[in-house]
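Okay, structure first, notes after.
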There are 2 protein chains.
Amino acid sequence: MKTTRNTTAKTAVLEVFENSKTALSHTEIQKQLNDVCDRVTIYRILDRLVNEDIIHKISNLDGTVKYAKCNHSHQRVHIHNHAHFSCENCHEITCLENVKPSYIMPHNYKVNEINFTLSGLCPKCLNSNI
Amino acid sequence: MKTTRNTTAKTAVLEVFENSKTALSHTEIQKQLNDVCDRVTIYRILDRLVNEDIIHKISNLDGTVKYAKCNHSHQRVHIHNHAHFSCENCHEITCLENVKPSYIMPHNYKVNEINFTLSGLCPKCLNSNI
DNA sequence: AAAAATAACGCAACAATGTTGCGATTAAAA
DNA sequence: TTTTAATCGCAACATTGTTGCGTTATTTTT
């Protein structure tokens, strides 16, 4: 197996995630990094981080793709079977750490991963009554 | 409100959906139509059909976007709060009409829409043991 | 049935997002 | 310190989706 390295660019990307409460798109990360590294490098770092299970990919109803490093205080492994909330007003995506859907699958399916995204208005936007 | 028209292109797109058991991407639709109409027209038709609630948009974990006209035999209105299954092997997306997640939301969120996609192996690919 | 109104179309051009190849760089192992 | 290979930067390309505008065609009105 290929070993993975800690480069300055990778560290910088991870720091961006640490400082963000919401999920981030490639473009948003790029803006925050301002020219620490190339656009392509960010794509490659994101791919690696997903493979290493450090962040995960969230794809929205509107077709946009974001990434998040969820905060699992007491778990060692990154688990992403929880829900995400996508605000229709401010477009922020947040993890709903405690919302886990329960469901019954038909036979003959092997489920490896689930993606449960709810959209609507987040508390912030709901209170400023849009 | 703007009235909507039945054009040959729109009819052709709808027919493609009728003949498909799985969700389709813009590209897949375009291939099946072969030059009935322009690429841009397909985008516009898809937008219209989504607005008219005849089809719905599904966005995958891999970032791809597909559309489906789900088969709701006895309902008058198109409901899309059911789950979708995305096969990691054949990449087909099918509606799981009867799988509806149950969940408990935190307060202060207004949920308008849900997107519940499961991925793994579909029965077809599971049986041909990949 | 013909004329008027406008939804939908085609084309061209553009924008955003993601991918690939390859030579140069650099982190980590020897 | 030297080696090795993971990572990077750059350029070029591919895919997907959007916009403006003049033209076409569906629907409504006369």
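A note on names: the letters A, B, ... follow the listed sequences, proteins ahead of strands, and every chain is numbered from 1. Only heavy atoms go into these numbers, but all of them, side chains included; no hydrogens, no water, no symmetry mates. Here the structure is a predicted model, which means the values were calculated and not measured.
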Presence of salt bridge, A/Glu92 and A/Lys124, under 4.0 angstrom: yes
A/Glu28/A/Lys66 salt bridge by N-O under 4.0 Å criterion: yes
To 10°, what angle do the rotation axes through the five end pairs on each side of the helix from C/dA1-D/dT30 to C/dA30-D/dT1 form? 40°
So, the side chain of B/Gln32 versus the backbone of B/Ile29: is there a donor-acceptor pair under 3.5 Å, distance only? no
State whether the side chain of B/Thr11 and the backbone N or O of B/Thr7 hold a donor-acceptor pair below 3.5 Å, judged by distance alone. yes
Measure from [atom1] on [X] to [atom2] on [N] and round the result to the nearest Å.
{"X": "A/Asn51", "N": "D/dA6", "atom1": "CG", "atom2": "P", "value": "14 Å"}
{"X": "B/Ile42", "N": "C/dA8", "atom1": "CD1", "atom2": "C1'", "value": "14 Å"}
{"X": "A/Ile45", "N": "C/dT19", "atom1": "CD1", "atom2": "C1'", "value": "16 Å"}
{"X": "A/Lys10", "N": "D/dT7", "atom1": "NZ", "atom2": "C1'", "value": "11 Å"}
{"X": "A/Gln30", "N": "D/dG9", "atom1": "CD", "atom2": "P", "value": "11 Å"}
{"X": "B/Asp38", "N": "C/dA7", "atom1": "CG", "atom2": "C1'", "value": "17 Å"}
{"X": "B/Arg5", "N": "D/dT26", "atom1": "CZ", "atom2": "P", "value": "9 Å"}
{"X": "A/Asn6", "N": "C/dA29", "atom1": "CG", "atom2": "P", "value": "10 Å"}

So which heavy atom on B/Cys87 is nearest to which on B/Cys122, and how close? SG-N, 3.5 Å
Tell me, for nucleotides 12-23 of chain D in 5' to 3' order, what letter each nucleotide earns: B for a base near a protein heavy atom under 4.0 Å, S for only sugar-phosphate near one, - for neither? ----BBBBB---
Once hydrogens and angles are ignored, does a donor-acceptor distance under 3.5 Å link the base of C/dA8 to the side chain of B/Arg48? no
Under 4.5 Å between side-chain heavy atoms, hopping through other hydrophobics if needed: is there a path connecting A/Leu46 to A/Ile58? no
Is there a donor-acceptor contact under 3.5 Å linking the side chains of [X] and [Y]?
{"X": "B/Asn112", "Y": "B/Lys110", "answer": "yes"}
{"X": "B/Thr4", "Y": "B/Lys10", "answer": "yes"}
{"X": "A/Ser102", "Y": "B/Ser102", "answer": "yes"}

Side-chain atoms of A/Cys37 come closest, of C/dC11, D/dG9, C/dA5, to D/dG9
Verify the contact: side-chain N or O of [X] to OP1 or OP2 of [N], cut-off strictly under 4.0 Å; return yes or no.
{"X": "A/Thr7", "N": "C/dT26", "value": "no"}
{"X": "B/Thr4", "N": "C/dA8", "value": "yes"}
{"X": "B/Thr41", "N": "C/dC9", "value": "no"}

